[in-house]
S.K.: 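Below is one structure. I have some questions about it.
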Amino acid sequence: MTPGRPGTSGAATTPEPGTPGGRGRRLVPAYLATGGRERPRGTADFDRLTVLVSTDQQPPEMDFGPEHRRLWTLLRPGALTVVECAAHLGLPVSATVFLAADLVGGGHLLARSPVPKAEAIDRTLIERLLVGLRALP
Amino acid sequence: MDSVPSPEPATAPVAEPRPEPDAAAAPATGPQAGPGTVRYLPSTGQTLMKLVVTGPFGVGKTTLIRTLSEIPTLHTEEVMTSSSAGLDDLRGLPEKSTTTVAVDFGRLTVPGDLVLYLFGTPGQERFFPLWQDIARGALGALVMADTRRLADSFPVMDMVEEQGLPYAVAVNRFPGAPAHSDEVLRKHLDLAPETPLVQCDARNRRDSIGTLIALAEYVLTRLPQDAP
């Protein structure tokens, strides 16, 4: 028992607002539609430059909101980064990450990190960049 | 000072195809979501990198990005709250003060399967949390300066240094602005001897590519010789 921690026992524990079963009223913009979760699983893996591409699995209407389907539709013709999706959809990057994480979780999108893990910023990469920049028309 | 015509007219972004704030209410087939206006990545096998282009308001950040970008420059509306600006705290609770900041960006495909994203980030200190978030993982920063108000770039350089990001200074030559030698500019900007300084016209493609080369060369000198 740790006397210093209030609320660790008994039914009087107040659930955090927004958690399932919590009674706190949340003012969530409709477009976020993140299902009341604080953070969808896996959003930490997303970056502005994470590359997204649709799979052939269309998100079913019963499970996903219109924003999810807009993102999936946007990506039907090709790949874009998270930040480009956000700009084209007129959504903040954070909201786009929520939507993308949901769709990746459901198998409707594929996501790829901008720089492969083994290829962190190193001399080889910068040297490649310099050669490329000097070759630009 | 702001009455002098600048290469970054304040009205310029209005002419761009901007996503409307009420886009969420528009049908999914709206013009900004149509496949015709979206420039998709040519392949998914490329390495993507980002650079931050920063500096005081009106210094030419968007102009430089527009000059270099292969796509019409895009922008996102980034929401910041007074308490935190992390990805998890953007629900817009009314008791927190929120600010919306537009962040312009562009894309430049570089031979060798590389794609460089250029983010124009506001240089004001109050945007530091947003700045940090965007700068995370960036190769480096271009700090832009205007010879008529060099001191406006000081807080921006402080911010970049605090972030630990390698940077080069790009002095945008505005028409009619006084010309100075690199030595004079370096002295007035109080630059460390190793910090690159490039004078450019942000509307000129070769000049703008030159600023990227100067930055990349500098980034290379700061990396360890041997891979660990």
Side-chain angles (χ1 to χ4, degrees), chain A residues 18 26-32 38-39 43-44 46-51 53 66-67 69-70 73-81 83-84 86-97 110 112-116 119 121-137, chain B residues 18-24 26 28-29 32-33 35 37-44 46-50 71 74-79 86-94 100 105 107-108 110-114 116-117 119 134 136-137 139 205 209 212-213 216-217 219-220 223-225 227:
Chain A
R26 297 185 68 195
L27 299 172
V28 183
Y31 65 77
L32 278 179
E38 285 298 320
R39 59 180 102 179
T43 51
F46 287 80
D47 178 88
R48 277 176 176 72
L49 297 192
T50 299
V51 179
V53 63
E67 295 305 314
R69 293 199 303 280
R70 280 180 74 211
T73 306
L74 171 71
L75 290 164
R76 280 306 284 159
L80 286 174
T81 56
V83 71
E84 285 167 295
H88 287 299
L89 296 177
L91 293 173
V93 169
S94 53
T96 308
V97 165
L110 295 174
R112 183 177 70 76
S113 305
V115 179
E119 203 178 1
I121 297 170
D122 62 10
R123 294 189 69 85
T124 314
L125 191 60
I126 304 298
E127 279 161 3
R128 257 171 76 196
L129 175 65
L130 270 169
V131 170
L133 286 172
R134 290 183 180 126
L136 277 174
Chain B
R18 304 180 70 141
E20 296 301 318
D22 61 346
T29 50
Q32 67 278 5
T37 57
V38 181
R39 304 275 205 92
Y40 292 94
L41 285 164
S43 85
T44 52
Q46 295 162 311
T47 299
L48 278 49
M49 293 182 278
K50 66 179 164 184
I71 57 169
L74 296 168
H75 83 280
T76 53
E77 299 287 344
E78 308 272 351
V79 186
L87 286 176
D88 301 323
D89 194 14
L90 296 163
R91 284 165 289 137
L93 298 181
T100 305
F105 67 96
R107 186 173 97 195
L108 173 65
V110 177
D113 270 343
L114 302 172
L116 202 54
Y117 282 82
F119 287 91
I134 293 175
R136 199 170 298 124
L139 294 184
R205 182 170 164 88
I209 292 171
L212 300 183
I213 291 173
E217 283 173 339
V219 170
L220 193 59
L223 289 170
Q225 281 292 336

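Below, chains carry the letters A, B, ... as their sequence lines are ordered, and counting in each starts from 1. Note that this is a predicted model, so its numbers are computed, not measured.
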S.K.: Given side chains that start at C-beta, do those of A:R48 and B:F105 come closer than 4.5 Å, heavy atoms only?
M.R.: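 No. Closest side-chain heavy atoms not under 4.5 Å.
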S.K.: Between OG1 of B:T47 and CG of A:L49, what distance do you get to the nearest 0.5 Å?
M.R.: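 If we round to the nearest 0.5 Å, B:T47:OG1 and A:L49:CG are 11.5 Å apart.
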S.K.: When only pairs under 4.5 Å are counted, which of B:L212, B:I134, B:I71, B:V219 shares the most heavy-atom pairs with chain A?
M.R.: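 Max contact count across the listed options: B:I134.
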S.K.: Of the non-hydrogen atoms in A:P137 and B:R205, which two are nearest, and what is the gap between them?
M.R.: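 Where A:P137 meets B:R205 most closely, the heavy atoms are O-NE, 3.2 Å.
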S.K.: Mind ranking B:G137, B:A216, B:P42, B:G112 by heavy-atom pairs under 4.5 Å with chain A and telling me who comes out on top?
M.R.: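 Winner by heavy-atom pair count: B:A216.
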S.K.: Supply the atom-to-atom distance B:I209 CD1 to A:L136 CG, rounded to the nearest 0.5 angstrom.
M.R.: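 Reported value, rounded in 0.5 Å steps: 4.5 Å.
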S.K.: Non-hydrogen atoms of chain B under 4.5 Å away: do they reach the side chain of A:T81, the backbone, both or neither?
M.R.: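 Both the backbone and the side chain of A:T81 come within 4.5 Å of chain B.
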S.K.: Taking C-beta and beyond as the side chain, do A:E84 and B:Y40 meet within less than 4.5 Å on heavy atoms?
M.R.: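 Side chain of A:E84 against side chain of B:Y40, heavy atoms only: no contact under 4.5 Å found.
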S.K.: Below 4.5 Å, heavy atoms only, C-beta onward: do A:L125 and B:L114 meet side chain to side chain?
M.R.: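 They are in side-chain contact.
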S.K.: Tell me the closest heavy-atom pair linking B:R39 and A:L80, and the distance in Å.
M.R.: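 Here B:R39 and A:L80 meet closest at O-CD2, 3.5 Å.
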S.K.: Using 0.5 Å steps for rounding, measure from the CG atom of B:L116 to the CG atom of A:L129.
M.R.: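 It comes to 6.0 Å.
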S.K.: Can you say whether A:V83 sits under 4.5 Å from chain B via the side chain, the backbone, both, or neither, judging by heavy atoms?
M.R.: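 Answer is both: backbone and side chain atoms of A:V83 are under 4.5 Å from chain B.
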S.K.: Working to the nearest 0.5 angstrom, can you tell me the gap between A:L133 CG and B:E217 CD?
M.R.: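 Between A:L133 CG and B:E217 CD, I get 9.5 Å after rounding to 0.5 Å.
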S.K.: Would you say A:R134's side chain and B:I213's backbone share a donor-acceptor pair under 3.5 angstrom?
M.R.: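 Not confirmed, A:R134 side chain does not pair with B:I213 backbone.
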S.K.: Check whether any side-chain heavy atom of B:T76 lies under 4.5 Å from a side-chain heavy atom of A:T96, and answer yes or no.
M.R.: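 In short, these two side chains do not touch, never coming nearer than 4.5 Å.
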S.K.: Rounded to the nearest 0.5 Å, how far does CG of B:L48 lie from CZ of A:R112?
M.R.: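 The distance works out to 6.5 Å.
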S.K.: Determine the minimum heavy-atom distance between A:D47 and B:K50, stating which atoms define it.
M.R.: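 Of all heavy-atom pairs spanning A:D47 and B:K50, the closest is OD1-NZ, 4.0 Å.
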S.K.: Please report the shortest heavy-atom distance between B:V38 and A:H88, naming the atom on each side.
M.R.: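 Nearest heavy atoms, B:V38 then A:H88: CG1-NE2, 3.7 Å.
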